[in-house]
Amino acid sequence: MNTSMTAAQKFLAFSPEVAAARAAGRPIVALESTIISHGMPYPQNVQTAREVEALIRAQGAVPATIAVLDGKIRIGLSDAELELLGQSPEAMKVSRRDLPYVLASGKIGATTVAATMICAELAGIAVFVTGGIGGVHRGAEISFDISADLQELAQTSVAVVCAGAKSILDIGLTLEYLETHGVPVLSIGQDNFAAFYTPDSGFKADFRLDTPAEQADFLRCKWALGLAGGVVISNPVPAAEAMPREEIDAITAQALSEAETQGIQGKAVTPFLLARIKALTEGRSLATNIALVKNNAVAGARLACALQAG
Ligand code: PSU
Ligand code: MN
């Protein structure tokens, strides 16, 4: 551990459950909080967060939902704290650049994939479960809108279990960006990278590794070689809960054109698109979103157990 990591430890505060898991050397799975504050509406957001934690416990791992509260990076939240995040409109969406501000000011911060990876690495947690990662937005050659999640994957050594990336993004360019930065994209159960609401993005993932033991071997090998950085683990939404591709494509196109007409920019883009897609599908996209996060929780917990066992 380098000096700056040691200095950073004073900002960490572990919940009793996570502290006990660390002491006992049990497998731990990190969870993000932007998905709670900005990714889903209340009360489904809090309900889902609780159910996801329960699924991880049922697999024999310990969930650690990460957020910033009262000037501390909280690793593991109480039920009341999950509720607070889910209900506070003032909760900031916190990515890498926002972390110092939200910590120093004592405000409420919900961490994105990028910020959750940073906090998980500081806390010694190697496996992180989310819904979808940010990526290269369509039209990025004009807007320069590329999620900080990708740059984080390039440098922070955490495995991110997700259902791929949404088609609000340019999935082909997102995969090119990851390749340039040496970020491996693994896939579970199929050859292709997943597209969040639908199992198949039409683009191949780098390596198909179906079992948690194979995924754990891959991670151990990468990090033992000194190849710092993250790994994307794409876990497709189960077919029974997926949305029809034509429907989601049409709705995505509409949401994107509304964002352009309304001049939505910066960190507001992704939450705007998520909320519009939900409204335009009359909530069916939310059901798919919840199902895929739960599916990822099980995969991530199994991986954390395999990694700990090895
Ligand atoms: N994609 C989703 N659901 C989400 C997000 C992305 O399908 O909730 C959230 C995650 O927290 C992700 C962040 O890290 O949005 C990316 O935001 P941006 O595109 O502004 O980097
Ligand atoms: Mn962006």
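Whatever order the structure lists ligands and atoms in, that order sets their numbers, starting from 1.
Among protein heavy atoms, atom 21 (O) of ligand 1 sits closest to Ser147 OG, 2.7 Å. Among all non-hydrogen protein atoms, the one lying nearest atom 8 (O) of ligand 1 is Leu274 CD1, 3.7 Å. From the protein, the heavy atom lying nearest to atom 9 (C) of ligand 1 is Thr34 CG2, 4.1 Å. Nearest to atom 12 (C) of ligand 1 among the protein's heavy atoms is Asp149 OD2, 3.3 Å. Annotation: atom 20 (O) of ligand 1 to nearest protein heavy atom, Lys93 NZ, 2.7 Å. The protein heavy atom nearest to atom 6 (C) of ligand 1 is Gly132 O, 3.6 Å. Taking atom 11 (O) of ligand 1 as the reference point, the nearest protein heavy-atom neighbour is Glu32 OE1, 2.7 Å. The nearest heavy-atom contact from the protein to atom 19 (O) of ligand 1 is Thr270 OG1, 2.6 Å.
The pair Arg57-Glu17 counts as a salt bridge, with a side-chain nitrogen and a carboxylate oxygen less than 4.0 angstrom apart. Here Asp98 does not pair with Arg96 in a salt bridge; the nearest charged N to carboxylate O distance is not below 4.0 Å. Using a cutoff of 4.0 Å between basic side-chain nitrogens and carboxylate oxygens, Glu83 and Arg50 are scored as salt-bridged.
The distance criterion of under 3.5 Å between nitrogen or oxygen atoms is not met by Thr111 with respect to ligand 1. Below 3.5 Å of separation, one finds an N or O of Val113 facing an N or O of ligand 1. Considering backbone and side-chain N/O of Thr112, none are found under 3.5 Å from N/O of ligand 1.
Of the heavy atoms in His38, none comes closer than 4.0 Å to ligand 1. For Asp145, no heavy-atom contact with ligand 1 is shorter than 4.0 Å.
The N, O or S atom of Asp145 with the smallest distance to the Mn ion (ligand 2) is OD1.
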For this session: With side-chain contact (heavy atoms from CB on, under 4.5 Å) as the test, would you mind laying out the steps for Leu12 and Leu122 before giving the verdict?
Result: CA-CA 8 Å; Leu12 298 180; Leu122 286 171; 4.2 Å; yes
Exercise. After noting the C-alpha distance and the side-chain angles of Thr111 and Ser33, does the key distance pass the side chain to side chain donor-acceptor pair (under 3.5 Å) rule?
Worked result: CA-CA 5 Å; Thr111 49; Ser33 43; 3.2 Å; yes
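With hydrogens and angles left out, the side-chain atoms of Gln151 and Tyr177 include a donor and acceptor closer than 3.5 Å. For the residue pair Glu247/Thr281, the side-chain donor-acceptor check at 3.5 Å is not satisfied.
Summarising the local packing, CD of Glu260 is surrounded by 12 or fewer heavy atoms from other residues, nucleotides or ligands at distances under 6.0 Å. Other residues, nucleotides and ligands contribute over 12 non-hydrogen atoms within 6.0 Å of the CD atom of Gln262. At most 12 heavy atoms of other shown residues, nucleotides or ligands fall within 6.0 angstrom of atom NZ in Lys107.
Contact analysis puts His137 in contact with ligand 1, with a non-hydrogen atom separation below 4.0 angstrom. The closest approach between Met40 and ligand 1 stays at or above 4.0 Å for every heavy atom of the residue.
The contact set between ligand 1 and Phe196, taken as ligand atoms under 4.0 Å from a residue heavy atom, comprises 7 (O).
Taking NE2 from His137 and CG from Asp145, the interatomic distance works out to 4.0 Å, rounded to the nearest 0.5 Å.
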